[in-house]
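Before any comments, here is the structure.
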Amino acid sequence: MNPEENKPTDFIREAVTEDLKSGRFNYVRTRLPPEPNGYLHIGHVKAFMIDYLIAKENNGELILRFDDTNPVKEETEYVDAIEDDARWLGIKWVKVTYASDYFDELYNWAVKLVMKGLAYVDDQSPEEVSAKRGTLTEPGKNSPFRDRDVEENLDLLERMKNGEFPDGSRVLRAKIDMAHPNINMRDPVMYRILHEPPHHRTGDKWKIYPMYDWSHGQNDSMEGITHSLCSLEYLNHRPLYEWFLEQLEVFKPRQIEFARLNMNYTVMSKRKLLRLVQEGRVQGWDDPRMPTLRAMRRRGYTAEAILDFNQRTGVSKVATINSGVMAEMALLEACVREDLNKRALRRMAVLRPLKVVIDNYPEGQVEEMDAVNNPEDTSAGTRKVPFSKVLYIEQDDFRETPPPKYYRLFPGNEVRLRYAYFIKCTHVVKNDAGEVIEVHATYDPSTRGGDAPDGRKVKSTIHWVSAAHAKEAEIRMYDRLFTKEDPEEGEEGFLGCLNPNSLTVLTGYVEPHLSAPKAGDRFQFERQGYFCADLDTAPDKPVFNLTVTLKDTWAKIEKRG
RNA sequence: UGGGGCGUGGUGCAACGGCAGCACACCAGCCUUUGGAGCUGUGGAUCUUGGUUCGAGUCCAGGCGCCCCAGCCA
């Protein structure tokens, strides 16, 4: 295939190409501007990859710049985690910077605007500022302090910086237009006073901190960023972004906005994710049910699958919800399945065990059966799996009275035990409650390996483990965190539709080759799904996380009835 | 409501005035020592009304719908 034809194109890439062609810029430099106030989630991947790939495709550079303008919310802990997650995705940057690196220079730029008569110190209270901003339909009112002279503004700004005034007593505002139809242009705040807490990098040096709008574009300019790519909610801020750079008479990057990525059955807002953690609804930021990269990693997702998902969801300006699109979890799952299908070793594990006794199999005999490690990859080779008289099979693979189209094990039916023998169910043993606790069967010695010399066929192949050789394992089954496609919608809020069954902990039996996994090892448990050894796995107790189930055609048939 | 953005199958993206296509999902079938994987096929979309044009998803005008903005958050 011609790689040229395959190259992804979208309105941003077209604009960048056009800017290079027209000479607006003669190089490409993008920036990744995470705020270190939470962990990265699947929605961030889109912005990260757009910034990274567009720089890369144009032989340009990417700068990782932490947007740390608000010490109240930001912590170093998050900086390290964000870098780690971004590296895991394969993103490379030329350097790491911080908005706080530019606090001095930015302050000088503010002084410049004050001297041009384009910024002023406002002594109004936050409430007054808010009240006079106007509404969507009514213009705002000028502050009584709007026309202070330059000298007074300079003096006051200097004293704000020196910490002479309490929090909230004054702000520096750009002098634009209180009647502007775009509310962002109604004399936006540039600096606010904040004595506490100390900034994670600058400590207590600063008593004033810049607002996003005052910091971001100016930092872009200082770093020579050509394309400042951001999500759709900043569209309304672009006039302000451009106004500052215009008045400052400095290098002007181009801001381009795109739709954010939301996903059904989960939430992306950092505030909401933080609540899930703080209220103990999940066990932490890396709880495998979370949409954070750390959680998905722990759950067994590969970076390749996530990148593939990102590529398949594309780039656009469509905003149907929350300034973006709502992608389907099903697509993400299809991406991991596709990736793991090619690379995961197959193993047999019984999640909900049911004992099977093969009455005509010699007591004490053990055979080593040859099993294929990965039918999609012959280089993965084969392994030996022990077989004996007493086995465990999946409870789901036996029915005393089978429903229509069920062709697994039931009294009188013959099935194949994968890589072993045909067995036929003869009778069952029940407990006092009437539950089947033991299934009895006979095997056909001539079917060793799984084929009958007489050519007879069985409709079903089921997996098993030898009871005497099995290892007990903890298996954590995950389901979607929320029961509604859009948990944010509706009266009761996102906490009102948490899925009570999002985690089910099982004690199952796994084959010997699964008895000592390393955390992070991924396998396909045959006929069930992809699993990943958890961080909690220990030498004496393997722990596995369900990454994603296999497609389950039978479950679909049964559900339909 | 003022301003801005956006409307293509269920979802996400293509089609750059010339036969509306791809992926996932869905449905049917084939195959199968994973009811996995793979393969084949079916159904289903241009918000609406007018206009321009030989020809409109694409251009123009009106309408409708959805998203974003009234933090000293980013």
Side-chain angles (χ1 to χ4, degrees), chain A residues 8-10 14 33-35 37 67 69-70 72-74 122 125-126 129-130 133-140 167-173 180-186 188-194 208-209 211-213 215-216 230-239 257 259 261 264 270-271 309 312-328 330-335 337-338 341-342 346 348 371-372 375-376 405-408 416-420 449-451 457-463 485 524-529 549-557:
Chain A
T9 185
D10 52 66
E14 282 167 10
E35 183 188 12
N37 69 342
D67 223 328
T69 56
N70 186 356
V72 176
K73 302 198 306 189
E74 294 144 8
D122 192 345
S125 69
V129 169
S130 174
R133 185 156 16 235
T135 67
L136 294 178
T137 51
E138 304 158 63
D167 289 8
S169 60
R170 276 171 239 259
V171 287
L172 181 72
R173 290 230 257 174
H180 203 288
N182 180 342
I183 294 179
N184 293 308
M185 299 297 272
R186 318 239 262 231
V189 172
M190 295 167 64
Y191 280 107
R192 77 280 212 178
I193 300 171
L194 232 46
I208 57 173
Y209 290 92
M211 299 291 289
Y212 166 87
D213 283 311
S215 174
H216 198 91
C230 60
S231 50
L232 246 27
E233 67 258 44
Y234 293 102
L235 230 161
N236 296 331
H237 295 248
R238 194 163 76 210
E257 311 82 9
L261 181 101
N264 62 6
K270 284 193 230 178
R271 208 196 90 244
F309 167 73
R312 293 205 223 180
T313 51
V315 181
S316 74
K317 296 183 77 162
V318 177
T320 51
I321 188 167
N322 196 212
S323 293
V325 294
M326 176 87 89
E328 288 182 335
L331 177 60
L332 212 212
E333 293 179 341
C335 291
R337 283 196 195 99
E338 192 177 307
N341 177 46
K342 286 178 296 192
R346 313 291 134 118
M348 291 199 285
V372 172
E376 304 291 319
K405 293 200 180 151
Y406 185 89
Y407 42 82
R408 274 114 94 147
R416 173 168 37 234
L417 291 177
R418 177 142 238 227
Y419 300 125
D451 285 304
K457 300 288 183 194
V458 287
K459 285 281 275 178
S460 182
T461 300
I462 65 175
H463 61 277
E485 272 208 64
Q524 184 199 93
F525 289 0
E526 295 225 21
R527 304 206 306 132
Q528 319 238 42
T549 60
L550 253 25
K551 277 198 279 188
D552 191 346
T553 308
W554 165 244
K556 212 179 281 178
I557 294 169

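Values in this document were obtained by computation on a predicted structure and should not be read as measured data. Letters A, B, ... are given to chains in the order of the sequence lines, protein chains preceding strands, and every chain is numbered from 1.
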Chi class for B:G71: syn within 90° of 0, otherwise anti: syn

Proximity to the side chain of A:Asp67 - top-ranked nucleotide from B:C24, B:G36, B:A74: B:A74

Sugar-phosphate only, base, or nothing, as touched by A:Gln524 at under 4.0 Å among non-hydrogen atoms: base

Pairwise C1' distance, B:A20 and B:G29 [rounded to whole Å]: 27 Å

B:A74 versus B:C60 - spacing of their C1' atoms, nearest Å: 39 Å

Nearest-Å distance for atom pair CD/P, residues A:Glu328 and B:A23: 15 Å

N or O in side chain of A:Lys73 less than 4.0 angstrom from B:A74 OP1/OP2: no

Rounded distance (Å) that lies between atom C1' of B:G35 and atom CD of A:Glu526: 13 Å

Presence of A:Ser130 side-chain N/O under 4.0 Å of B:G71 phosphate oxygens OP1/OP2: yes

Minimum-distance nucleotide to A:Leu550 side chain [options: B:A23, B:C13, B:G36]: B:G36

Closest listed nucleotide, where the reference is the side chain of A:Val171 and the choices are B:A14, B:C67, B:C72: B:C72

Sugar-phosphate, base or nothing in reach of A:Ser215, heavy atoms under 4.0 Å: nothing

Any donor-acceptor pair under 3.5 Å from A:Arg527 side chain to A:Met348 backbone: no

Distance test, side-chain N/O of A:Arg418 to OP1/OP2 of B:G35, below 4.0 Å: no

Between B:C39 (C1') and A:Lys551 (NZ): distance, integer Å: 12 Å

Distance in angstrom units between A:Asn341 CG and B:G36 P, rounded: 12 Å

Separation of atom CG in A:Asp451 from atom P in B:U32, rounded to whole Å: 12 Å

Any A:Thr313 side-chain N or O less than 4.0 Å from OP1/OP2 of B:C13: no

Nucleotide forming a Watson-Crick or wobble pair with B:C6, both distances under 3.5 Å: B:G65

A:Arg408, nearest nucleotide to its side chain (from B:G36, B:G12, B:G35): B:G35

Among B:C13, B:G2, B:G10, the one nearest A:Val325 by side-chain distance: B:C13

B:U1 and B:C68, which share atom name P, separated by this distance in whole Å: 15 Å

Under-4.0 Å side-chain N/O to phosphate OP1/OP2 contact, A:Thr9 with B:A14: no

Between B:G41 and B:C54 - P atom distance, rounded Å: 40 Å

Nearest-0.5 Å distance, CZ of residue A:Arg186 to CZ of residue A:Arg173: 11.0 Å

Whole-Å P distance, B:C66 and B:C47: 16 Å

Nearest to side-chain heavy atoms of A:Ile183, which nucleotide of B:C69, B:U11, B:A74: B:C69

Span that lies between the C1' atom of B:G17 and that of B:U52, in whole angstrom: 12 Å

Nearest-nucleotide pick for A:Asn322, side chain only, options being B:U34, B:C68, B:A70: B:C68

Nearest-0.5 Å distance that lies between atom CD in A:Glu376 and atom CD in A:Gln524: 9.0 Å

Interatomic distance at C1', B:G44 relative to B:C22, whole Å: 15 Å

Identity of whatever pairs with B:G36 - Watson-Crick or G-U, under 3.5 angstrom: none

Under-4.0 Å side-chain N/O to phosphate OP1/OP2 contact, A:Lys556 with B:C26: yes

Same-atom distance (C1') from B:C31 to B:A23, integer angstrom: 23 Å

OP1 or OP2 of B:C73 under 4.0 Å from side-chain N/O of A:Arg192: yes

Backbone of A:Asn236 reached by a side-chain donor or acceptor of A:Asn182 within 3.5 Å: yes

From CA spacing to verdict: side chain to side chain contact (heavy atoms under 4.5 Å, CB included), A:Tyr209, A:Asn70: CA-CA 7 Å; A:Tyr209 290 92; A:Asn70 186 356; over 6 Å; no

Sugar-phosphate only, base, or nothing, as touched by A:Glu138 at under 4.0 Å among non-hydrogen atoms: nothing

Nucleotide nearest A:Arg346 when distance is taken to its side chain, options B:C13, B:C24, B:G36: B:G36

Candidate nucleotides B:C72, B:G36, B:G4, ranked by approach to the side chain of A:Thr553 - the nearest: B:G36

Minimum-distance nucleotide (side-chain atoms of A:Ala330 versus B:G5, B:C24, B:C13): B:C24

Sugar-phosphate only, base, or nothing, as touched by A:Pro375 at under 4.0 Å among non-hydrogen atoms: base

Backbone of A:Phe309 reached by a side-chain donor or acceptor of A:Thr313 within 3.5 Å: yes

